[in-house]
Amino acid sequence: MTVSAASIVSAVAFLAIGVFGYALVNRFVYPPVRRHHEEAKLTGRQGADPRLVFSVLRFAALVGMPVLGFLLGDRLASLF
């Protein structure tokens with residue numbers, strides 16, 4: 001594996017996609033999930049804390065996506 005311009009561009013593009021996706025999920029999915037979790041805590045039937053799930057999602061969006069883009073950059077560039 002070599003570091004090329006395609007790898008860097010692909011990593012930045014995947015980072016942008018990850019940030020955009022995380023922003024959408026954080027804006028539209030997190031509030032209802034958090035509200036449901038808080039209501040469920042009152043009845044004692046809550047599951048995993050949504051913060052843990054969304055922390056994993058944040059790591060995947062901000063670290064995993066750019067790494068994936070960097071690793072796939074040369075292959076994606078060869079398609080075009």
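- His36 pairs by the side-chain contact (heavy atoms from CB on, under 4.5 Å) definition with Arg45, not counting sequence neighbours.
- With sequence neighbours excluded, the residues forming a ring pair (Phe, Tyr, Trp, His ring centres under 6.0 Å) with Tyr30 are Phe54, listed by chain and number.
- Residue-environment remark: CZ (Arg75) stays at or below the threshold of 12 foreign heavy atoms within 6.0 Å.
- The CD1 atom of Ile17 sits 10.0 Å away from the CG atom of Leu68 when rounded to the nearest 0.5 Å.
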Verdict with supporting geometry, Phe14 and Leu76, side-chain contact (heavy atoms from CB on, under 4.5 Å): CA-CA 12 Å; Phe14 273 59; Leu76 291 174; 3.8 Å; yes

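- Listed by first and then second residue, the side chain to side chain donor-acceptor pair (under 3.5 Å) pairs involving residues 8-26 are Tyr22-Arg58 (not counting sequence neighbours).
- In this structure Arg51 satisfies the salt bridge (Lys or Arg N to Asp or Glu O under 4.0 Å) test together with Asp49, sequence neighbours excluded.
- The other members of the hydrophobic cluster of Leu62, by chain and number, are Leu15, Val19 (side-chain heavy atoms under 4.5 Å, ILVMFWY only).
- Ion pair Lys41/Glu38 flagged as a salt bridge, since at least one NZ, NE, NH1 or NH2 atom sits closer than 4.0 Å to an Asp/Glu carboxylate oxygen.
- Nearest heavy-atom pair across Pro50 and Arg34 is CD-NH1, 3.7 Å.
- Closest of all the heavy-atom pairs between Pro66 and Ala11 is O-CB, 3.5 Å.
- Gly18 and Ala61 get closest at one heavy-atom pair: O-CB, 3.4 Å.
- We find the CG-CG distance between Asp74 and Leu79 to be 11.0 Å, quoted to the nearest 0.5 Å.
- Applying the under-4.5 Å side-chain rule to Ile, Leu, Val, Met, Phe, Trp and Tyr, the cluster around Leu24 extends to Phe20, Phe28.
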